[in-house]
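For this chain, numbers begin at 1 and follow the sequence in order. Atom set for the values below is all heavy atoms of this structure, side chains included, hydrogens, waters and symmetry mates excluded. Predicted model only: the values in this text are computed from it and were never measured.
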Amino acid sequence: MTKRGAEVGIIMGSQSDWPTMKQAAAVLDELGVAYEAKIVSAHRTPDRLVAYAKSARERGLKVIIAGAGGAAHLPGMTASMTALPVLGVPIQTKGLKGMDSLYSIVQMPAGIPVGTLAIGDAGATNAGLFAAQILALSDAGLAARLAAYRERQTAAVNDEPKND
């Protein structure tokens, strides 16, 4: 899934990560940010990972969102091969509930940063928003759409609780 003029790359280790990562895509869709979504496994498709990361900038990407579960090497390996900002989303796993993924992504060695978000859907949503915020630094139209998004979010919060 590639949109013309993609500025954000959304990558994940397997098809099973898409239900989480599509939360990032949904936010980018709502904000009018073009992205591409690819399956790029650090373990099963290492050559694809190298080609993806090393060509990202020349293909027009400005931010990469990488979701991974388990050993979760994808965000860090991607960051090791590109100077683009990489936002890591730990995928919730059955065995350790995503804590293994979180630790793998957040514990990067000095010099290879990965911006690590929350485990699961909230992390993917926030990764989409964070990517848009990075792009909005040089895109006034996107900055305005983000401000409107925040205003809608604020307006949706009730002043008082409602009885069911």
With sequence neighbours excluded, residues passing side chain to side chain contact (heavy atoms under 4.5 Å, CB included) with I11: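 Side chain to side chain contact (heavy atoms under 4.5 Å, CB included) check on I11 returns K38, V40, Y52, I64, A66, L74, T78.
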
Looking at P161, is its backbone amide N or carbonyl O close enough to the side chain of N158 to form a donor-acceptor pair, meaning the two atoms are under 3.5 Å apart?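 Checking the backbone N and O of P161 against the side chain of N158, no donor-acceptor pair under 3.5 Å is found.
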
Do R48 side-chain atoms and I39 backbone N/O form a donor-acceptor pair below 3.5 Å? yes

Is there a side-chain contact between [X] and [Y], using heavy atoms and a 4.5 Å cut-off?
| X | Y | result |
| --- | --- | --- |
| M21 | V89 | yes |
| L84 | V63 | no |
| V50 | M81 | yes |

How long is the straight-line distance from [atom2] of [Y] back to [atom1] of [X], given to the nearest 0.5 Å?
| X | Y | atom1 | atom2 | answer |
| --- | --- | --- | --- | --- |
| D17 | I10 | CG | CD1 | 12.5 Å |
| Q133 | N126 | CD | CG | 8.5 Å |
| L61 | E7 | CG | CD | 9.0 Å |
| L129 | T125 | CG | OG1 | 7.0 Å |
| L102 | I119 | CG | CD1 | 4.5 Å |
| T82 | M77 | OG1 | CE | 13.0 Å |

Going through the distances and angles, do K62 and V8 end up as a side chain to side chain contact (heavy atoms under 4.5 Å, CB included)? CA-CA 6 Å; K62 296 180 180 169; V8 177; over 6 Å; no

Is it the case that one hydrophobic cluster holds both [X] and [Y], taking links as side-chain heavy atoms less than 4.5 Å apart, direct or via other members?
| X | Y | answer |
| --- | --- | --- |
| I105 | F130 | no |
| V106 | I65 | no |
| M108 | Y103 | no |
| L49 | V86 | yes |

Heavy-atom closest pair, residues [X] and [Y]:
| X | Y | answer |
| --- | --- | --- |
| P75 | A72 | CD-O, 3.6 Å |
| G69 | S101 | CA-OG, 3.2 Å |
| H43 | A71 | CE1-CB, 4.0 Å |
| L146 | A136 | CD1-CB, 3.7 Å |
| T93 | G98 | OG1-N, 3.1 Å |
| R44 | G13 | NH2-O, 3.0 Å |

Could you give me the CA-CA distance, side-chain angles and deciding distance for V114 and L87, then say whether side chain to side chain contact (heavy atoms under 4.5 Å, CB included) is met? CA-CA 6 Å; V114 172; L87 307 178; over 6 Å; no

Closer than 4.0 angstrom, basic N to acidic O: yes or no for E36 and R59? yes

Counting only heavy atoms from other residues, nucleotides and ligands, does the tally under 6.0 Å from CZ of R150 exceed 12?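 It does not: R150 CZ has 12 such atoms or fewer within range.
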
